[in-house]
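Accompanying notes for the structure given below.
Labels below follow one simple rule: chain letters A, B, ... track the order of the sequence lines, proteins then strands, and each chain is numbered from 1. A quick note: this is a predicted structure, and the numbers were derived from the prediction, not measured.
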Amino acid sequence: MLDMKFIKENVDVVREAIKNKREKADIDLLVEKDNKRVEIVKDLDRLRAEKNRLSKNVRNLRKGSAEFTDNINKSKEIGIEIKELERKVRELKDEIYKSSLWIPNIPHSSVPVGDATANKIMREWGKKKQFGFTPKSHVDLINDLGLIDFERGAKISGTHFPCYVGKGAKLERALINFMLDYHIEKQGYTEMFPPFLNNRETLTGTGQLPKLEEDMYYVGKDDMFLNPTAEPPVTNFHRNEVLNEDELPIKYTAYTACFRREAGSYGKETRGLKRVHQFNKVEMVKFTKPNESYNELEKLLNDAEDILKALELPYRIVLLSTGDMTFASAKTYDIEVYAPGSDDYLEVSSVSNFEDFQARRMNIKYKSKADGKLHLVHTLNGSGLATPRTFIAILENYQLPDGKIKIPDVLLPYMGGMEIIE
RNA sequence: GGAGGGAUGGCUGAGAGGUCGAAAGCGCGCGACUCGAAAUCGUGUUCAGGGCAACCUGACGAGGGUUCGAAUCCCUCUCCCUCCGCCA
C-alpha cells in the first residue's frame, strides 16, 4: 500500500507504475474519493468543535432555564448531523482502503521498464560443466534412481504433488538443513518455524491478497490459506509492532512447505519438478531502516548466492523488469541456476525490496532516535533457496557417466556419509 | 465445544460519566555531574487527520447504542489468558 498523501502529490508517478507493472487500478477515482473524504472531515471537525463548545458550556447554565434547554436542543441537532457525516466518512474510508489495496508498489528507478524481455542479466557465476556424455534430464535421473514417486504422489494428493522417497527424501532434507544452517550459522539469521496456514490479514499484509486469492489453496472452514511462501508468516510476525531501532536490521530465516495452485501455467513444464503444487523452500526475511534497505537488498542477494556457490552450481543474476516483478516489490533480482540436462536456467530464488509497501499494510514501525518519531520499516525477502529446482540442478550438474549422482561436498555431513546416490 | 477473566501510550500498569490524551514506573531524547561511562539529579517524550503557524478534530481492541457529555454505562463482534471437555 502506498501513502495516500504520496499518491495525491504524485498521481503521474503512480499512474506510470500501474502501467509499467501491467496492473489495473483506477487512480483518479481513488484520488477523487479521498478528496471528498477530506471535505467531509473538514465539515465534521467544524461541527464537532461546535458541539464540544456547547457541551462544555452547559454546566455553566442554570438547569431548566431557556438557555439550558436551547443549548441541549442545539447540541442534539448537531449530533444527528455528525452521525450522518460519520457514516459517510466510514463508507468512504472503507472504499478507499479496498481500492488502495489494488495499487501496486512503485518500481525503483534502477528497474528496467518493460516486459520480461527487458530483464537484465547482471552477472554470471561458475563454469558450465563439460560432460563427456549427453547429460540426462532430472526427470530421467529421478525415475532411474527412484528418488521421487510422482505417480504415487498423484495418488495421495493429485498431479504435481511429488512424493520424495528414500535417498531422494534424504537429499531433499539435507538440502533444507544445509541451507538453514548456512543462513543461521554463517550469515547471522535467526531461525523461525512458522505456521503454514495464514489468515486473510496476514496475506493482505504482505500483498498476496487481494490479487492472488485464486492462486492459493484455501481452507474455507477456517477462512485460511496454505502459505504460498514463508514470506507472509515470517514478515507478519511483527505486524502491528513498533520495533527497536537498535535491533534493526532484523534477519529471519525459515523453512516452510509452500503451496501454489500454479493455475494456467502448464505448457511444457508438466513433467518433473520444475513446477509443482507443493514444494520446500528456505526463506530469508529482513526488516530494515529505510535508508539501509537497498544496501541490505544486495547483501540479501549475496546471502542467497552463497548457497549456490557452496553447492558449486553455476548461476546468473537477473534484474527483473517492471512488467515481470511482483505487485508489492520495488526491486527484484532473480537467481537462475544452470541445469545442463535441459540446457536451461531455472529460477531458484527471488530477492526483493518492498520498501515500506508491506510495512504500511502491516503497520510495522520503528522509533527513530534521530527525530524521536515513528517511521515505517522497510521489508525485504529472498529465497535461499527453493528446493525443487536446486534439486534438479544438483542432479543434472552432479550426474556421472554411469547415471549415478555425486553428492556435493557441503551436503556430505547431511547425508550420513553417503557420497554417491545410486 | 463449555465456564470464567482480560484488551489503555514504545513497554508495564492506574483510571470506574465532565477537571483524562490519560497517574506512576520502565524505556527513550536533552541537560547537569564525570577524563569518559555507570549510577544519580533535572527536564522532555502517544499517535493520526485538517490548516501545515497558532489552532481544530479524532483515537483507550472494532462496530453500534444511552447521554448535552463516555476510557468509564449497555449491546454485538474480534483477539488473548485461565480452567474443564475433546483430539493428538
Side-chain angles (χ1 to χ4, degrees), chain A residues 1-10 30-100 193-205 209 219 221-224 233 236-250 287-290 356 359-377:
Chain A
M1 179 152 34
L2 299 174
D3 178 31
M4 186 53 77
K5 257 189 197 155
F6 176 87
I7 293 176
K8 280 157 91 169
E9 287 164 9
N10 303 275
L30 184 63
V31 169
E32 188 190 313
K33 276 183 179 169
D34 196 69
N35 285 335
K36 197 171 164 193
R37 195 203 101 240
V38 170
E39 282 313 304
I40 296 177
V41 165
K42 278 183 189 168
D43 286 344
L44 200 48
D45 284 355
R46 212 189 55 239
L47 289 170
R48 279 169 171 160
E50 173 64 13
K51 191 161 191 279
N52 287 343
R53 264 194 296 279
L54 290 170
S55 284
K56 259 181 205 154
N57 191 38
V58 73
R59 301 176 78 197
N60 304 324
L61 301 174
R62 190 165 47 81
K63 233 180 183 172
S65 69
E67 294 96 327
F68 181 85
T69 47
D70 190 49
N71 182 310
I72 285 177
N73 286 339
K74 213 180 257 172
S75 190
K76 276 185 178 172
E77 265 173 49
I78 294 176
I80 292 168
E81 223 177 315
I82 287 175
K83 282 216 170 112
E84 175 59 18
L85 289 182
E86 280 177 338
R87 194 184 54 76
K88 275 190 194 163
V89 168
R90 238 195 334 272
E91 280 174 16
L92 265 176
K93 274 170 102 169
D94 189 53
E95 287 174 31
I96 289 164
Y97 173 71
K98 282 183 178 145
S99 306
S100 63
F193 204 145
F196 289 5
L197 279 171
N198 298 258
N199 59 32
R200 278 181 189 278
E201 235 181 313
T202 293
L203 289 161
T204 305
L209 288 178
V219 183
K221 196 172 180 184
D222 303 285
D223 197 25
M224 297 218 268
N236 277 271
F237 186 74
H238 288 300
R239 189 172 74 226
N240 289 322
E241 288 186 20
V242 176
L243 305 176
N244 192 335
E245 183 177 2
D246 296 334
E247 289 168 13
L248 299 176
I250 294 174
F287 301 82
T288 78
K289 288 192 263 184
D356 62 12
R360 186 170 291 105
R361 288 183 171 216
M362 288 181 289
N363 186 29
I364 304 178
K365 298 179 175 173
Y366 74 99
K367 189 159 196 168
S368 162
K369 286 187 175 168
D371 61 8
K373 288 187 182 305
L374 298 178
H375 298 280
L376 293 165
V377 299

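Here B/rU57 is the nucleotide among B/rC68, B/rU57, B/rU45 with the atom lying nearest to any side-chain atom of A/Arg48. Nearest to the side-chain atoms of A/Leu374 among the listed nucleotides B/rC68, B/rC47, B/rG49 stands B/rC47. The A/Asp45 side chain lies nearest to B/rU57 when the options are B/rG27, B/rC68, B/rU57. Here B/rU66 is the nucleotide among B/rU66, B/rC56, B/rG69 with the atom lying nearest to any side-chain atom of A/Lys83. Taking only side-chain atoms of A/Ala49, from C-beta outward, the nucleotide of B/rC68, B/rU57, B/rC28 with the closest atom is B/rU57. Relative to the side chain of A/Val41, the nucleotides B/rG49, B/rC56, B/rC68 differ in distance, and B/rG49 lies closest.
Residue A/Arg53 is out of contact with every strand shown, counting any heavy-atom pair closer than 4.0 Å. Nucleic acid contact for A/Lys56: none, since no nucleic acid atom lies under 4.0 Å from a heavy atom of the residue. Nucleic acid contact class of A/Lys74 (heavy atoms, under 4.0 Å, all strands): none.
Regarding contacts with the backbone of B/rU57, every side-chain N or O of A/Lys42 stays at 4.0 angstrom or more from both OP1 and OP2.
Across all strands shown, nothing is found opposite B/rC52 as a Watson-Crick or G-U wobble partner with both distances under 3.5 Å. B/rA23 is unpaired under the criterion used here, namely a Watson-Crick or G-U wobble arrangement in which both key atom distances are under 3.5 Å. The partner of B/rA14, taking Watson-Crick or G-U wobble pairs whose two distances both stay under 3.5 Å, does not exist in any strand shown. A 3.5 Å limit on both hydrogen-bonding distances identifies no Watson-Crick or G-U partner for B/rU66. B/rU43: Watson-Crick or G-U partner is B/rG29, with both key distances under 3.5 Å. Across all strands shown, B/rC86 remains unpaired; no Watson-Crick or G-U wobble contact has both distances below 3.5 Å. In this structure B/rU78 sits in a base pair with B/rA7, meeting the Watson-Crick or G-U test at under 3.5 Å.
Computed from coordinates, the A/Leu85 CG to B/rG49 C1' distance equals 15 Å when rounded to whole Å. Taking atom CZ of residue A/Arg200 and atom C1' of nucleotide B/rU78, one finds them 16 Å apart after rounding to whole Å. A straight line from CG of A/Leu54 to C1' of B/rU57 spans 16 Å, rounded to a whole angstrom. The interatomic distance linking A/Asn35 (CG) with B/rG50 (C1') rounds to 13 Å, in whole Å. Remark: P of B/rC68 and CG of A/Asn71 are 11 Å apart, rounded to the nearest angstrom. Remark: P of B/rA59 and NZ of A/Lys93 are 10 Å apart, rounded to the nearest angstrom. With rounding to whole Å, A/Asn240 atom CG is found 18 Å from B/rA7 atom P. Between A/Asp43 atom CG and B/rG51 atom C1' there is a gap of 14 Å when expressed in whole angstrom units.
Only the P atoms considered, B/rA22 is 16 Å distant from B/rA16, to the nearest whole Å. On the P atoms, B/rG15 is 15 Å away from B/rU72, given to the nearest whole Å. Taking the C1' atom of each, B/rG61 and B/rC80 are spaced 10 Å apart, rounded to whole Å. Straight-line distance between the P atoms of B/rA62 and B/rA3: roughly 26 Å, to the nearest whole Å. Rounded to a whole angstrom, the distance from the C1' atom of B/rC20 to that of B/rA14 is 12 Å.
For A/Lys88, the NZ atom sits in a loose shell: 12 or fewer heavy atoms of surrounding residues, nucleotides or ligands are nearer than 6.0 Å.
Side-chain atoms of A/Ser99 come within 3.5 Å of backbone N or O of A/Glu95 as a donor-acceptor pair. With hydrogens and angles ignored, the 3.5 Å screen pairs no side-chain donor or acceptor of A/Arg37 with any backbone N or O of A/Leu92.
The base of B/rG69 lies outside donor-acceptor range of the side chain of A/Asn52, with no N or O pair under 3.5 Å.
Classification of A/Glu91 and A/Arg87 as a salt-bridged pair holds, one side-chain N sitting under 4.0 Å from a carboxylate O.
With the nearest nucleotide of RNA chain B identified for both A/Glu9 and A/Ser75, A/Glu9 has the one nearer the 5' end. Of the two residues near RNA chain B, A/Lys8 and A/Arg87, the one whose nearest nucleotide lies more 5' is A/Lys8.
Contact annotation: the side chain of A/Glu39 never approaches that of A/Lys36 to less than 4.5 Å [non-hydrogen atoms, C-beta and beyond].
If you check the side chains of A/Asn199 and A/Thr202, you find a donor sitting under 3.5 Å from an acceptor.
Below 30°, between 30° and 60°, or above 60°: for A/His375 and A/Tyr366 the angle between ring planes is between 30° and 60°, a tilted geometry.
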